[in-house]
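Bear in mind the structure is a predicted one, so any value in this text is a computation, not a measurement. Quick note: numbers below take in every heavy atom, side chains included, and nothing from hydrogens, waters or symmetry partners.
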Amino acid sequence: MPRTASSFPEVSLFEEMPPASSADALTHFNLMLQSVTLNWNSTVSPRAYRQVARAHAVQDTEQQIVDALRHLLSERWFEDITLDDIARAANTTRQTVIRRFGDKAGVLSAMADGLDAEIRTRRWHNPGKTVAAIITVLVQDYEQAGDIVVRTLSQEARIPEFGAILARGRNSHRAWIEEMFAAWLDKLPPSAKADRLAQLLALTDVWVWHLLRRNQNHTAGETGRLMIEAVERLLHEGAVR
């Protein structure tokens, strides 16, 4: 028999809240919330519950497989990684990897989708209004994803599957730079705007971060400062010409 709204137990989280202390109130609130959760779970059929649990288990397994490839790529080249390696690192079987993703390229595609979503969230969640704020967001993103991106770039020439993935990343970075620096770019005539955008893309490229952080061994803070100063100098010199 279908459940209607009236068939669910009515529980108020806020009635009879004890006024004793904030700690007591929080404890009481958590107990009431658990009560609501238990009552809601009791209205779900066993079959529906199993279906939800199974779906969650599938998602968890898929994420473990994707994470496994990402970890392996930080240590080895793509062509040296096998499906068995991925399965072993994910604590699952080769057949499960094949069933979920088809082949190694399928796992790579899923990893790229996840990485792209992470980067977009980090960069667009709190966009900066100043050069310092913009570059700080960029460096924080590179601290999270820069190494795997650089390692992927270094394999682009010999791994065809990387081409589309990296092209999408470049387009996304370009769109972000255009948006973040629109206040400076939009003041310029078309030809000068195109030149300035090209310069900004060069100064904010992941390879610049990699050179400063990994080759020259600057700290994240020093790397941010150097990149900020370079971009500010570019924009200032361009404005006074």
(request) For the pair Glu143 (side chain) and Ala220 (backbone), establish whether a donor and an acceptor sit closer than 3.5 Å, ignoring hydrogens and angles. (result) no
(message) Is a donor from one side chain sitting under 3.5 angstrom from an acceptor on the other, for His173 and Arg123?
(response) yes
(message) Please give me the minimum heavy-atom distance between Gly128 and Ile134, naming the atom from each residue.
(response) O-CG1, 3.6 Å
(message) Please evaluate residues Asp205 and Arg170 with respect to the criterion salt bridge (charged side-chain N to carboxylate O under 4.0 Å, His left out), reporting the C-alpha separation (whole Å), side-chain torsions for both, the decisive distance (0.1 Å), and the verdict.
(response) CA-CA 9 Å; Asp205 193 85; Arg170 292 187 181 100; over 6 Å; no
(request) Would you mind checking if Arg88 and Asp84 are paired as a salt bridge, meaning a charged N to carboxylate O distance below 4.0 Å? (result) no
(request) For Asp116 and Ala112, indicate whether the former's side chain and the latter's backbone hold a donor-acceptor pair under 3.5 Å. (result) no
(request) Identify whether the distance between the nearest side-chain nitrogen and carboxylate oxygen of Lys104 and Glu161 falls below 4.0 Å. (result) no
(request) List the steps and the verdict of side-chain contact (heavy atoms from CB on, under 4.5 Å) for Arg100 and Thr92. (result) CA-CA 11 Å; Arg100 299 301 177 203; Thr92 187; over 6 Å; no
(message) Any carboxylate oxygen within less than 4.0 angstrom of a Lys/Arg side-chain nitrogen, looking at Arg213 and Asp147?
(response) no
(message) For a 4.5 angstrom cut-off between non-hydrogen side-chain atoms, does Trp124 reach Met180?
(response) yes
(request) Evaluate side-chain contact (heavy atoms from CB on, under 4.5 Å) for Ser109 paired with Phe101, printing each intermediate quantity in order. (result) CA-CA 9 Å; Ser109 178; Phe101 297 98; over 6 Å; no
(request) Could you check Val131 against Phe181 for side-chain contact (heavy atoms from CB on, under 4.5 Å), going step by step and ending with a plain yes or no? (result) CA-CA 8 Å; Val131 171; Phe181 288 96; 4.2 Å; yes
(request) Could you tell me whether a side-chain N or O of Gln155 sits under 3.5 Å from a main-chain N or O of Arg151, the two making a donor and an acceptor? (result) yes
(message) Could you check whether any side-chain N or O of Asp85 sits under 3.5 Å from a backbone N or O of Thr82, counting only pairs where one atom can act as donor and the other as acceptor?
(response) yes
(request) Indicate yes or no for a side-chain donor-acceptor contact from Asp103 to the backbone of Gly106 under 3.5 Å, with no hydrogens or angles considered. (result) yes
